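Input: a single structure, listed below in structure tokens.
Values reported hereafter were calculated over all heavy atoms of this structure, with side chains retained and with hydrogens, waters and symmetry mates removed. Owing to the predicted nature of the structure, the values given are computational and were not obtained by experimental measurement.
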Amino acid sequence: EKPSGETKVSEEDIQLALQAAGPLEGPVRVAVVEIVPGYPGYRPTSVSPEHLDAFRASLGGAADSVQAVTQMFLHQSADLPALRYAAARIGANSLFVFGRGRNTGTYFNNWSHLNWLILPVFVVPGKTVEVYAAAEGAFIDVATSRVRAVASAAVRLDSAITTASSSRRP
């Protein structure tokens, strides 16, 4: 046991749990729910048709049906029993719950004022824009609430803007 009183989970325990889960029976019908920041905490929301089509395409035919849980079946709280109940109401036996976020930063370069001295060539970046985006999701069996799979992705993009018009402070 850990000092805090929590039990330690070994690799054997994890393998036993995975083997006991077994495959999903019958056709796989997936319900998709997004978790977004709300007041207070987080709340579930229905997925847009564009995101649903992208998720459907990423499964590549592995599921018989993929559908969004409509907003009227979603409660304000993002607890697992309520989400499983909402997925069951639309006839799904699997639930994909995901959340995403992004952080954007713009940084000003003080040397960009030199762009006005170097006649038509603007070589000193005026601003640097950084975007960091991340998403995580869990594929859950509606009947047993077992987590079948977990997915995560992250990306960082940087862009230097070198035009003279960008040399003013944001």
Side-chain angles (χ1 to χ4, degrees), residues 1-107 128-159 170:
E1 288 196 18
K2 294 181 180 179
S4 64
E6 298 176 13
T7 59
K8 185 176 180 183
V9 178
S10 67
E11 279 297 320
E12 293 82 24
D13 294 336
I14 294 171
Q15 290 302 321
L16 182 64
L18 290 174
Q19 291 170 359
L24 289 172
E25 298 294 327
V28 178
R29 297 176 308 275
V30 182
V32 183
V33 176
E34 182 177 5
I35 304 296
V36 297
Y39 181 78
Y42 292 87
R43 63 179 179 81
T45 187
S46 188
V47 180
S48 69
E50 294 83 19
H51 290 116
L52 191 63
D53 289 340
F55 181 71
R56 190 176 289 126
S58 70
L59 287 178
D64 295 322
S65 72
V66 177
Q67 54 189 332
V69 178
T70 58
Q71 193 66 41
M72 69 180 189
F73 292 143
L74 296 173
H75 297 272
Q76 288 295 333
S77 63
D79 62 346
L80 186 57
L83 294 176
R84 287 176 50 217
Y85 182 76
R89 287 190 69 170
I90 63 169
N93 59 2
S94 301
L95 173 66
F96 185 73
V97 181
F98 75 98
R100 59 192 165 129
R102 67 176 161 76
N103 193 1
T104 305
T106 303
Y107 306 99
T128 301
V129 179
E130 294 179 356
V131 178
Y132 178 78
E136 292 183 346
F139 191 74
I140 301 167
D141 186 356
V142 170
T144 63
S145 74
R146 287 187 185 267
V147 176
R148 299 288 183 158
V150 177
S152 65
V155 67
R156 178 182 171 191
L157 301 172
D158 296 331
S159 177

(message) Please find the pair of heavy atoms, one from Tyr132 and one from Ala154, that lie closest to each other, and give the distance.
(response) OH-CB, 3.6 Å

(request) Could you tell me whether the side chain of Gln71 and the main chain of Ser46 form a donor-acceptor pair under 3.5 Å? (result) yes

(request) Could you check if a side-chain atom of Leu83 sits within less than 4.5 angstrom of a side-chain atom of Leu74, using non-hydrogen atoms only? (result) yes

(message) Can you tell me how far apart CZ (Arg84) and CZ (Arg89) are? Round to the nearest 0.5 Å.
(response) 15.5 Å

(request) Taking atom CD of Gln76 as the centre, report whether more than 12 heavy atoms of other residues, nucleotides or ligands fall under 6.0 Å from it. (result) no

(request) With rounding to the nearest 0.5 Å, note down the distance linking CD1 in Ile140 to CZ in Arg146. (result) 13.0 Å

(request) Determine whether Arg148 and Ser94 make a side-chain contact, defined as any pair of heavy atoms from C-beta on separated by less than 4.5 Å. (result) no

(message) For a quick test of reading the model, state the closest non-hydrogen atom pair linking Ala63 to Leu59 and the distance between them.
(response) CB-CD1, 3.9 Å

(message) So which atom in Val69 and which in Ala31 form the shortest heavy-atom distance, rounded to 0.1 Å?
(response) CG2-CB, 3.7 Å

(message) Heavy-atom count check: over 12 atoms from other residues, nucleotides or ligands less than 6.0 Å from Glu136 CD?
(response) no

(request) Indicate the atoms forming the closest heavy-atom contact of Ala68 with Leu52, along with that distance. (result) N-CD2, 3.7 Å

(request) Taking Asn93 for its side chain and Ala143 for its backbone only, find out whether a donor-acceptor pair lies under 3.5 Å. (result) no

(message) For a quick test of reading the model, state the closest non-hydrogen atom pair linking Val66 to Val32 and the distance between them.
(response) CG1-CG2, 3.8 Å

(request) Name the orientation class of the two ring planes belonging to Phe96 and Phe55 (parallel below 30°, tilted from 30 to 60°, perpendicular beyond 60°). (result) parallel

(request) Any chance you could measure Asp64, atom CG, to Arg29, atom CZ, to the nearest 0.5 Å? (result) 8.0 Å

